[in-house]
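Take a look at the structure below.
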Amino acid sequence: MSFVFFGLMLVPLIIFLIWLIKKDKNRNYIGLVVLVLMTVIAIVAIVKIDAHFMENNTPGMNPNNQAPSYK
């Protein structure tokens with residue numbers, strides 16, 4: 001589900017970056033490069049965290065496989 005949300009957020013970001021490049025009269029790309037790098041870092045972090053969560057928290061599995069203790 002997070003990949004769907006991520007995809008919906010990525011499309012407007014790409015459109016915004018294209019619009020921002022066209023509006024820049026001085027063609028100063030340093031700010032855009034920093035923005036794109038930050039976006040790539042965020043994408044990698046989101047994908048890795050989501051993959052780690054899905055591997056360790058699959059529904060129906062008890063992480064320690066022990067019967068509950070009600071002392």
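A distance of 9.5 Å separates CD1 of I46 from CE of M9, quoted to the nearest 0.5 Å.
Note: the hydrophobic cluster containing V36 also contains F16 (ILVMFWY, side chain heavy atoms under 4.5 Å, direct or indirect links).
Taking a 4.5 Å side-chain heavy-atom cut-off between Ile, Leu, Val, Met, Phe, Trp and Tyr, the cluster of I15 extends to V11.
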